[in-house]
Amino acid sequence: QVQLVESGGGLVQAGGSLRLSCAASGRTFSNYTMGWFRQAPGKEREFVATIEQSGISTYYTDGVKGRFTISRDNAKNTVYLQMSSLKPEDTAVYYCAAAHSLGVVDHILDYNFWGQGTQVTVSS
């Protein structure tokens, strides 16, 4: 089992920035590909970003490229999502997830463990 706890969400104005953190405990963090997903009200949960075990390779959904940056610190068992130039359409609950897979992974079904989510609200 891997336990994931997100933090850093909140209310921000359009154009602002937030940094989400996800602290992992349990099994060896560096064995897992990590991802961020989000779910807006009335919509399905969608992929945002992923980072593979070493932190070298990353992948983003098109709508956040150039605005969001995923990173990880294996010594701290933590993955981050730096969000800049936020837009109202970024408003959602953001979830951290861990996949026991090799390389970057963008499909929700490939993720084995999930956090409880953190709310991000971007006002216009």
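When reading the values below, keep in mind they use all heavy atoms of this one structure, side chains included, and skip hydrogens, waters and symmetry mates.
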Does a side-chain N-to-carboxylate-O contact under 4.0 Å join Lys65 and Asp62? yes

Output yes when a side-chain donor or acceptor of Thr50 lies under 3.5 Å from a complementary backbone atom of Met34, and no otherwise. yes

Does Ser101 use its side chain to pair, donor to acceptor, with the backbone of Ala99 at less than 3.5 Å?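 Pair absent, no side-chain N/O of Ser101 close to backbone of Ala99.
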
Just verifying a value: how many Å separate [X] [atom1] and [Y] [atom2], rounded to the nearest 0.5 Å?
X: Ser124; Y: Gln13; atom1: OG; atom2: CD; result: 9.5 Å
X: Ser84; Y: Arg19; atom1: OG; atom2: CZ; result: 11.5 Å
X: His100; Y: Gln53; atom1: NE2; atom2: CD; result: 8.0 Å
X: Leu102; Y: Asn31; atom1: CG; atom2: CG; result: 9.5 Å
X: Tyr60; Y: Thr69; atom1: OH; atom2: OG1; result: 4.5 Å
X: Thr118; Y: Leu81; atom1: OG1; atom2: CG; result: 11.0 Å

Using side-chain contact (heavy atoms from CB on, under 4.5 Å), reason through Gln119 and Thr91 one step at a time and then give a plain yes or no. CA-CA 8 Å; Gln119 177 70 48; Thr91 295; 4.0 Å; yes

Following the transitive rule for hydrophobic clusters with a side-chain heavy-atom cut-off under 4.5 Å over Ile, Leu, Val, Met, Phe, Trp and Tyr, establish whether Phe68 and Tyr80 coincide in one cluster. no

What's the shortest heavy-atom distance between [X] and [Y], and which atoms?
X: Val2; Y: Ala24; value: CG1-CB, 4.3 Å
X: Phe29; Y: Asn77; value: CB-OD1, 3.3 Å
X: Ala40; Y: Ala92; value: N-CB, 3.8 Å
X: Lys43; Y: Gln39; value: O-NE2, 3.1 Å

Kindly determine whether Met83 and Val120 satisfy side-chain contact (heavy atoms from CB on, under 4.5 Å), including the steps that lead there. CA-CA 10 Å; Met83 305 185 295; Val120 171; 3.9 Å; yes

Tell me, which pairs form a disulfide bond (SG atoms under 2.5 Å apart) where one or both residues lie in residues 50-124, sequence neighbours left out? Cys22-Cys96

Side-chain donor-acceptor pair under 3.5 Å between Ser21 and Glu6, yes or no?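 Their side chains do not contain a donor-acceptor pair, so the 3.5 Å distance test is not met.
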
With no hydrogens and no angle check, do the side chains of Glu52 and Ser54 hold a donor and an acceptor under 3.5 Å apart?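 Checked: Glu52/Ser54 side chains pair up, N/O donor to acceptor below 3.5 Å.
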
Evaluate side-chain contact (heavy atoms from CB on, under 4.5 Å) for Arg38 paired with Glu46, printing each intermediate quantity in order. CA-CA 5 Å; Arg38 65 186 180 186; Glu46 65 175 2; 2.7 Å; yes

Side-chain hydrophobic cluster, 4.5 Å single linkage: members besides Val105: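 Val105 shares its hydrophobic cluster with Phe37, Phe47, Tyr59, Val93, Tyr95, Val104, Ile108, Leu109, Tyr111, Trp114.
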
Of Val64, Ile51, Leu20, which meets side chain to side chain contact (heavy atoms under 4.5 Å, CB included) against Ile70?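 Answer to the side chain to side chain contact (heavy atoms under 4.5 Å, CB included) test with Ile70 among Val64, Ile51, Leu20: Ile51.
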
Going by the rule side-chain hydrogen bond (donor to acceptor under 3.5 Å, both in side chains), which residues pair with Ser30 if we only count those two or more places apart in sequence or in a different chain?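 In terms of side-chain hydrogen bond (donor to acceptor under 3.5 Å, both in side chains), with neighbours along the sequence ignored, Ser30 is linked to no residue.
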
